[in-house]
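Before any comments, here is the structure.
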Amino acid sequence: MRVAVLVSGGGTNLQALLDAKNAGGLRDAEFVCVVSNRRKAYALERAKQNGIEAVYLPTVRFENREDYHIALRDILLERKVDLIVLAGFLVVLGDPVIQAFQGRIINIHPSLIPSFCGDGAYGLKVHEMALERGVKVTGATVHFVDGGTDTGPIIFQKAVEILPDDTPEVLQKRVMEEAEWILLPKAVDMFTQGRIHVKDGKAVIE
Ligand code: GAR
């Protein structure tokens, strides 16, 4: 399957996918492009280093949100993408993309959904919210993307312990290492093998 990865930042989740591929895994996944809304996203460098097309698509180039998402959809359709992976993509996907790729978009989120998710909950902020609330366990979630923010069917979750001296940065790193970089390659591998799909609003895993 042809896979596109959408990013906005450092791209360590993208790197986890590329590492899995380069180690001989993800046999049914071909990474065809990486799209970023931010020019300086280091994820674009990671794509180039791995011979993958890197596309910079800033929102300011478009008059409105609808036009941005039509352009994004067309980039993905032109490349005959089968699966879209949101790996730290901080633009909420618009209807044109969601409708064209129903059941074929997955996202990684750095908490145990439905905790610490939804509008405004992204990146380091998620870990700040978890520490502020004083929860003892957090984690990460891979889920299908629907029309809402972090509301789609859940595929995998993994819990991560919170330790007394954690700062948001320390916790973010632990959640990535112990959960995100494991769950995302696993989900992409299983989806591209045809072993995960949506049925009756739930993720079915075979
Ligand atoms: C990751 O922690 C990812 O889960 C999070 O952004 C970070 C991107 O890091 N995504 C969200 O918060 C989405 N709501 P990366 O660029 O190093 O992969």
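Nothing here was measured: the structure is a model prediction, and the numbers come from that model. For ligands, and for the atoms within them, numbers begin at 1 and follow the listed sequence.
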Short N or O distance, Tyr122 and ligand 1, threshold 3.5 Å exclusive
no

protein heavy-atom neighbour closest to atom 10 (N) of ligand 1 works out as Ile108 O, 3.7 Å

for atom 8 (C) of ligand 1, nearest protein heavy atom and its distance come out as Gly88 CA, 3.7 Å

Are Asn37 and Thr59 close enough that a side-chain donor and a side-chain acceptor fall under 3.5 Å?
no

Is Ala43 close enough to touch ligand 1? Criterion: a residue heavy atom under 4.0 Å from a ligand atom.
no

Report the nearest protein non-hydrogen atom to atom 11 (C) of ligand 1: residue, atom name, distance rounded to 0.1 Å.
Pro110 CD, 3.6 Å

For the pair Lys21 and Glu30, evaluate side chain to side chain contact (heavy atoms under 4.5 Å, CB included) and give the outcome as yes or no after the intermediate values.
CA-CA 9 Å; Lys21 179 77 186 167; Glu30 183 193 350; 5.7 Å; no

Taking 4.0 Å as the limit for heavy-atom contacts, which would you say applies to Ala121 with ligand 1: side chain only, backbone only, both, or neither?
backbone

of all protein heavy atoms, closest to atom 9 (O) of ligand 1 is Met176 CE, 3.4 Å

For atom 4 (O) of ligand 1, what is the nearest protein heavy atom, given as residue, atom name and distance?
Glu180 OE1, 2.7 Å

Apply side chain to side chain donor-acceptor pair (under 3.5 Å) to Asp28 and Gln193, showing your working.
CA-CA 6 Å; Asp28 298 303; Gln193 288 177 39; 4.7 Å; no

Students should be able to answer this: which protein heavy-atom is nearest to atom 14 (N) of ligand 1, and at what distance?
His109 ND1, 3.1 Å

Which of the atoms in ligand 1, numbered in the order shown and given with their element, are less than 4.0 Å from a heavy-atom of Asn13?
1 (C), 18 (O)

Closest protein heavy atom to atom 17 (O) of ligand 1, given as residue, atom name and distance to 0.1 Å
Thr12 OG1, 2.6 Å

Any nitrogen or oxygen of Asp150 lying under 3.5 Å from a nitrogen or oxygen in ligand 1? Just yes or no.
no

Lys NZ or Arg CZ of Arg61 over Tyr56 ring: under 6.0 Å, within 45°
yes

N-O pairing of Arg79 and Glu53 below 4.0 Å
yes

Under a 4.0 Å threshold between the charged nitrogen and the carboxylate oxygen, would Glu177 count as salt-bridged to Arg174?
no

Would Val55 end up clustered with Val97 when hydrophobic side chains under 4.5 Å apart are linked, directly or stepwise?
yes

Output for pair (Leu57 CG, Ser36 OG), nearest 0.5 Å, gives 9.0 Å

Rounded to the nearest 0.5 Å, what separation is found between the CG atom of Leu171 and the CD1 atom of Ile162?
5.0 Å

For atom 16 (O) of ligand 1, grab the closest protein heavy atom and report residue, atom and distance to one decimal in Å.
Gly11 N, 2.7 Å

Under 4.0 Å to a heavy atom of Gly123 - the qualifying atoms of ligand 1, by number:
11 (C), 12 (O)

